[in-house]
Structure formats: structure tokens, C-alpha cells
Undergrad: 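Input: one structure, supplied below.
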Amino acid sequence: MTDQKASSELRVAIAGLGSIGTKVAAALDQGIEGLSLSAVAVRDPAKHQAFINGLRRSPKILPLDQLGDAADIVVECAPSSQLRAIVEPAVKRGRAAVVVSIGGLLDNFDLVDLARANGGRIIVPTGALIGLDAVNAAAIGTIHSVKMVTRKPIDGLKGAPFIVQNNIDIDNLREPLKLFEGSAREAAKGFPANVNVAVALSLAGIGPDRTQMQVWADPTVTRNVHRVEVEADSARFSMSIENIPSENPKTGLITALSVIALLRKQRATLCVGT
Ligand SMILES: NC(=O)C1=CN([C@@H]2O[C@H](COP(=O)(O)OP(=O)(O)OC[C@H]3O[C@@H](n4cnc5c(N)ncnc54)[C@H](O)[C@@H]3O)[C@@H](O)[C@H]2O)C=CC1
Ligand SMILES: O=C([O-])CC(=O)C(=O)O
């Protein structure tokens, strides 16, 4: 690679090396056209040292608030509680922040204004969902309604605040139980590690208060299943996806792949899909 090529590379930093972050880091290390992995932020460096040593080019390990110094794109792959600590310093420096814990953005929406004021960007991958390209397109016209139903195996829902606060026993379920019905905004509060997809859908379409959502605990499924129905003046469409859980049972395997696909598009010569 020539020096000129190397210097025009987009530097990418990753915050959080869990189920999603490690896969994105490995993909960058193996090579994505025009991008390089420059830095990571981890909570416990000792725990991740072997993984980092195993990469072909070791990234710097930096505190969350310094990732934007070392990167053009900061990819948030941490719990939603850390979203502000990751995104704020990055967009203040005019960087792009790729956000997977998108549910956390609803209570921190001023970050969008902060990004705008500083030339930064907040980019939301399709993640574990499907069809946000069609929802984006329909939203240019008029969308009348967006309905989403999520079904997850019991392991994928354990510990969700809605379940804990309402003292719901899901461990002994034999048949599907509807846990929640309401807006995507309320769903994100009750299930912060489960329905980021509903918030992404809502931001692509008609917003978190008008996007309707059901969450089911379903002992009969082994995958995280999301079904979406959109009624618009340009089209009616329904779409569903059955995600194989990753080592984190709450997170579908496809989520990391969606982030990698999004990163590939940043400098790809041939770019397909919106
Ligand atoms: N947008 C979407 O479609 C989806 C989003 N998600 C969300 O993506 C996020 C990441 O998911 P996973 O990788 O499965 O979670 P994970 O729990 O496997 O990994 C999170 C990592 O962040 C690290 N971390 C926690 N605090 C940190 C800090 N202060 N500094 C640096 N690292 C820190 C943890 O140690 C862990 O390694 C979650 O918020 C999850 O809800 C998950 C699935 C789909
Ligand atoms: O992985 C999934 O199926 C969806 C998910 O956890 C989320 O949206 O937070």
C-alpha cells in the first residue's frame, strides 16, 4: 500500500469489545477497503488483551472520550448506558458516530443537535432489522402506520427492566406471553437491550411515539424474531427476520454483520442499497 493510500484511509475506533465489537474489530483488522482500525475502548483491558494481541495490527487502547482524537468514525458497541460518554466527545470533534445502542439516543437526542453544530454525524445501521431502506423511502412520502412485533426466546429477555419491575416470571413459560404493547419509545425504556431495532425503525419512519410495538416472550422460538408492517401512501409492505442469537443471547448475529456492511460502504467503489 502506498503512503498516499494509507493517509487517506478512514480511521475507525470501536467502543466496547463484546459480541458486536469483537466481530467488527476482526473484520477491520482483516481488511475493509479504505478503512483501518485505529483504537478501541474497553472496560477491562486485561480481559481483552489476548484478543487485541491476536489482531494483525494492534489498535491503541484509549478512554472512551479520546476515541475521537484517534479516529474519523467511532463505532459504539457498548451498553446503552455508555452511549452519551461515547457519542458526545466524538461528535463534538466533528467525527461520525455509528450507534448500535440506538434506544439510548431517545433520552439523549440533543446529541443530534451537537453533531449538527460541530459537523459530526450520527449513523444508525439497520442492525438486527430488515428493510430500513424501504422505510426511509416511504417516509419521503406519507407513512400511515408502522407496527412491529418482536418475539424472543426466554434467555434473550431475562433481566429486562420491564420484566423485573413488573415481577413477571418468564422462566416457566410453556406458551408465548405478550409482555408489552405500546410505543417504540416506551418499549425502549422497558427493554433497552432488546428493542434497539424498534427505535431504529421509528427514526427511519414515523418516530418513536407513533411506531407501535409488541414484545413477546416465546419459549417456542429459538431465534429473535421481528415482524414489521408498514402502511404508506406509496406502498404497503411487511417484512420479518429471524435472527440467530450470538454468544450474547439478546443480540442477533446479523447485527455485527450489518455494522461491517455499513463500514464497507464508507469507501466502497461499488455501493449497493441505500
Ligand atoms: N441496533 C441493533 O440492531 C442492535 C443493538 N444491540 C445493542 O448493541 C449494544 C452492544 O451489544 P453486544 O455487543 O451484544 O453487547 P455485549 O454485552 O456483548 O458487549 C458490550 C461490551 O461493552 C463493554 N463495555 C461496557 N461498559 C464499557 C465502557 N465504559 N467502556 C468500554 N466498554 C464497555 C462490555 O464490557 C462488553 O464487552 C447493546 O446496547 C445492545 O443492546 C444489540 C442487538 C441489535
Ligand atoms: O438482536 C436482535 O434481534 C435485536 C436486539 O437485540 C435489539 O434490537 O436490541
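Both counts, for ligands and for their atoms, begin at 1 and track the order of listing.
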Undergrad: With no hydrogens and no angle check, is any side-chain donor or acceptor of Asp233 less than 3.5 Å from a backbone partner on Thr142?
TA: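 Yes; at least one donor-acceptor contact below 3.5 Å.
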
Undergrad: Within the supplied structure, the quantity of interest is the number of heavy atoms (other residues, nucleotides, ligands) at a distance under 6.0 Å from Arg267 CZ; does it exceed 12?
TA: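 Correct, the count exceeds 12.
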
Undergrad: Could you tell me the separation between the CD1 atom of Ile254 and the OG1 atom of Thr126, rounded to the nearest 0.5 Å?
TA: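 Taking CD1 in Ile254 and OG1 in Thr126, the distance rounds to 9.5 Å.
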
Undergrad: Leu17 heavy atoms, cut-off 4.0 Å: which ligand 1 atoms fall inside?
TA: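 Counting atoms of ligand 1 from 1, those under 4.0 Å from Leu17 are 37 (O).
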
Undergrad: For Leu129, which part has a heavy atom under 4.0 Å from ligand 2: side chain, backbone, both, or neither?
TA: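 Within the 4.0 Å criterion, Leu129 makes no contact with ligand 2.
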
Undergrad: Strictly by salt bridge (Lys or Arg N to Asp or Glu O under 4.0 Å), give each pair with a member in residues 55-70 just once, sequence neighbours left out.
TA: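 Non-adjacent pairs meeting salt bridge (Lys or Arg N to Asp or Glu O under 4.0 Å): Asp69-Arg93.
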
Undergrad: Looking only at distances, can you tell me whether any N or O atom of Lys47, backbone or side chain, sits closer than 3.5 Å to an N or O atom of ligand 1?
TA: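 N/O-N/O distance below 3.5 Å does not exist for this pair.
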
Undergrad: N/O of Ala128 under 3.5 Å from N/O of ligand 1, yes or no?
TA: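 It does: an N or O of Ala128 is found under 3.5 Å from an N or O of ligand 1.
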
Undergrad: Atoms of ligand 1 less than 4.0 Å from Gly127 heavy atoms?
TA: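 Once the distances to Gly127 are compared, the set is 3 (O).
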
Undergrad: Whether the Asp218 and Thr220 side chains hold a donor-acceptor pair (N or O, under 3.5 Å, no angle test) is what I'd like checked.
TA: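 Distance-only check passes for Asp218 and Thr220.
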
Undergrad: Does any N/O atom on Thr126 come nearer than 3.5 Å to any N/O atom on ligand 1?
TA: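 Looking only at distances, the answer is no, because the N/O contact criterion of under 3.5 Å is not met.
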
Undergrad: Identify the protein heavy atom lying closest to atom 7 (C) of ligand 2, giving its residue, its atom name and the separation to 0.1 Å.
TA: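 Ranked first by proximity to atom 7 (C) of ligand 2 is Asn194 O, 3.1 Å.
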
Undergrad: Could you identify the single nearest non-hydrogen protein atom to atom 42 (C) of ligand 1 and state the distance to 0.1 Å?
TA: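 Heavy-atom neighbour on the protein nearest atom 42 (C) of ligand 1: Thr251 OG1, 3.3 Å.
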
Undergrad: What is the nearest protein non-hydrogen atom to atom 34 (C) of ligand 1, stated with its residue, atom name and distance?
TA: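 Nearest protein contact, heavy atoms only, for atom 34 (C) of ligand 1 is Arg43 NH2, 3.9 Å.
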
Undergrad: So for ligand 1, is His48 a polar contact partner (N or O within less than 3.5 Å, distance only)?
TA: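 No; the residue has no nitrogen or oxygen that sits under 3.5 Å from a nitrogen or oxygen of the ligand.
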
Undergrad: Does Thr150 approach ligand 2 within less than 4.0 angstrom via side chain, backbone, both or neither, non-hydrogen atoms only?
TA: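 It is neither; nothing of Thr150 touches ligand 2.
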
Undergrad: Tell me which one of Val40, Ile20, Asp44, Leu83 gets a heavy atom nearest to atom 13 (O) of ligand 1.
TA: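 Comparing heavy atoms across Val40, Ile20, Asp44, Leu83, the nearest one to atom 13 (O) of ligand 1 lies in Ile20.
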
Undergrad: In terms of atom number and element, which parts of ligand 1 are under 4.0 angstrom from non-hydrogen atoms of Ala41?
TA: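 Here the atoms of ligand 1 in question are 31 (C), 32 (N).
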
Undergrad: Between atom OG of Ser145 and atom CZ of Arg210, what is the distance when rounded to the nearest 0.5 Å?
TA: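 If I round to the nearest 0.5 Å, the distance is 8.5 Å.
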
Undergrad: Quickly, which of Leu64, Leu62, Ile61 forms a side-chain contact (heavy atoms from CB on, under 4.5 Å) with Val42? Name it, please.
TA: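 When Leu64, Leu62, Ile61 are each tested with Val42, the side-chain contact (heavy atoms from CB on, under 4.5 Å) holds only for Ile61.
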
Undergrad: Can you tell which part of Val197 has a heavy atom less than 4.0 Å from ligand 2: side chain, backbone, both or neither?
TA: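 Both the backbone and the side chain of Val197 come within reach of ligand 2.
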
Undergrad: Around atom 6 (O) of ligand 2, find the nearest protein heavy atom and jot down its residue, atom name and distance.
TA: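 Scanning the protein heavy atoms, the shortest distance from atom 6 (O) of ligand 2 goes to Lys250 O, 2.6 Å.
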
Undergrad: Give me the residue, atom name and distance of the protein heavy atom closest to atom 9 (O) of ligand 2.
TA: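 Looking at atom 9 (O) of ligand 2, the protein heavy atom closest to it is Asn196 ND2, 2.8 Å.
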
Undergrad: Relative to ligand 2, is Ala193 under 4.0 angstrom through side chain, backbone, both or neither, heavy atoms considered?
TA: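 Under 4.0 Å from ligand 2, Ala193 contributes backbone atoms alone.
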
Undergrad: Between Glu229 and Arg227, is there a salt bridge with N-O shorter than 4.0 Å?
TA: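 A salt bridge links Arg227 with Glu229.
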
Undergrad: For atom 39 (O) of ligand 1, what is the closest protein heavy atom, and at what distance to 0.1 Å?
TA: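 Here the nearest protein heavy atom works out to Ser101 OG, 2.6 Å.
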
Undergrad: Do Ala78 and ligand 1 have an N or O pair less than 3.5 Å apart?
TA: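 Such a contact does occur with ligand 1.
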
Undergrad: Does Thr255 reach ligand 1 with a nitrogen or oxygen that is under 3.5 Å from one of the ligand's nitrogen or oxygen atoms?
TA: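 No, no N or O pair falls under 3.5 Å.
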
Undergrad: Identify the closest protein heavy atom to atom 1 (O) of ligand 2: which residue and atom is it, and at what distance?
TA: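 Looking only at protein heavy atoms, the one closest to atom 1 (O) of ligand 2 is Gly252 N, 2.6 Å.
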
Undergrad: Counting from 1, what ligand 1 atoms have a heavy atom of Val197 closer than 4.0 Å?
TA: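 Counting from 1, the qualifying ligand atoms are 3 (O).
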
Undergrad: Rounded to the nearest 0.5 Å, what separates atom CG in Asp155 from atom OG1 in Thr222?
TA: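 The OG1 atom of Thr222 is 11.5 Å from CG of Asp155, to the nearest 0.5 Å.
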
Undergrad: Could you grab the distance from atom CD1 of Ile102 to atom CG of Leu201, nearest 0.5 Å is fine?
TA: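 It is 12.0 Å, given to the nearest 0.5 Å.
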
Undergrad: How far is atom 19 (O) of ligand 1 from its nearest protein heavy atom, and which residue and atom name does that atom have?
TA: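 Result: Gly18 CA, 3.2 Å.
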
Undergrad: Please confirm whether the backbone N or O of Gly252 pairs with a side-chain atom of Thr255, one donor and one acceptor, at under 3.5 Å?
TA: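 Such a contact is found between Thr255 side chain and Gly252 backbone.
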
Undergrad: Looking at atom 18 (O) of ligand 1, what's its closest protein heavy atom, distance included?
TA: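 In this structure, atom 18 (O) of ligand 1 has Ser19 N, 2.9 Å as its nearest protein heavy atom.
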
Undergrad: First locate atom CE of Met213, then atom CD of Glu181, and finally report the distance between them rounded to the nearest 0.5 Å.
TA: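 The CD atom of Glu181 is 10.5 Å from CE of Met213, to the nearest 0.5 Å.
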
Undergrad: Would you find a donor on one side and an acceptor on the other, under 3.5 Å apart, between the side chain of Ser101 and the backbone of Ala78?
TA: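 Yes, the answer is positive, given that a donor and an acceptor are paired below the 3.5 Å cut-off.
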
Undergrad: Quick check: does any side chain N or O of Arg95 sit under 3.5 Å from a backbone N or O of Ala71, one acting as donor and the other as acceptor?
TA: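 Here the side-chain-to-backbone pair exists.
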
Undergrad: For atom 7 (C) of ligand 1, what's the nearest protein heavy-atom neighbour? Residue, atom name and distance, please.
TA: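 The protein heavy atom lying closest is Asn196 ND2, 3.5 Å.
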
Undergrad: May I ask you to list the atoms of ligand 1 that are less than 4.0 angstrom from any heavy atom of Gln82?
TA: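 Those of ligand 1 that fall under 4.0 Å from Gln82 are 26 (N), 29 (N).
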
Undergrad: Does Pro79 reach ligand 1 with a nitrogen or oxygen that is under 3.5 Å from one of the ligand's nitrogen or oxygen atoms?
TA: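 Not met; the criterion fails.
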
Undergrad: If you measure every N/O of Ala128 against every N/O of ligand 2, is any gap under 3.5 Å?
TA: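 No: no nitrogen or oxygen of Ala128 is under 3.5 Å from one in ligand 2.
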
Undergrad: Salt bridge (Lys or Arg N to Asp or Glu O under 4.0 Å): which pairs involve residues 28-39, sequence neighbours left out?
TA: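 Residue pairs with at least one partner in residues 28-39: there are none.
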
Undergrad: Considering only protein heavy atoms, which is closest to atom 3 (O) of ligand 2, and at what distance to one decimal place?
TA: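 For atom 3 (O) of ligand 2, the nearest protein heavy atom is His226 NE2, 2.7 Å.
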
Undergrad: As an exercise, identify every atom of ligand 1 less than 4.0 angstrom from a heavy atom of Ser80.
TA: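 Going through ligand 1 atom by atom, the ones under 4.0 Å from Ser80 are 39 (O).
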
Undergrad: Quick check: Thr251 and ligand 2, any N/O pair under 3.5 Å apart?
TA: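 There is no such contact.
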
Undergrad: Give me the residue, atom name and distance of the protein heavy atom closest to atom 15 (O) of ligand 1.
TA: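 Scanning the protein heavy atoms, the shortest distance from atom 15 (O) of ligand 1 goes to Asn248 ND2, 3.5 Å.
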
Undergrad: Identify the two heavy atoms, one from Ala232 and one from His144, that lie closest to each other, and give their separation to 0.1 Å.
TA: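 Heavy-atom minimum between the residues: C-CD2, 3.8 Å.
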
Undergrad: Given that the side chain starts at C-beta and the backbone is N, CA, C, O, which of these parts of Cys77 lies under 4.0 Å from ligand 1, counting heavy atoms, or is it both or neither?
TA: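 Under 4.0 Å from ligand 1, Cys77 contributes backbone atoms alone.
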
Undergrad: How far is atom 30 (N) of ligand 1 from its nearest protein heavy atom, and which residue and atom is that?
TA: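 Here the nearest protein heavy atom works out to Leu64 CD2, 3.7 Å.
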
Undergrad: State the atoms of ligand 2, each with its element, that fall below the 4.0 Å cut-off from a heavy-atom position in Asn224.
TA: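 Close to Asn224: 1 (O), 2 (C), 3 (O).
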
Undergrad: Assess Ala15 for proximity to ligand 1: is some non-hydrogen atom of it under 4.0 Å away?
TA: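 Ala15: no contact with ligand 1 (<4.0 Å).
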
Undergrad: State whether the side chain of Lys152 and the backbone N or O of Lys250 hold a donor-acceptor pair below 3.5 Å, judged by distance alone.
TA: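 Yes.
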
Undergrad: Do you see a donor-acceptor pair shorter than 3.5 Å between the side chains of Ser246 and Ser19?
TA: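 Short answer, yes.
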
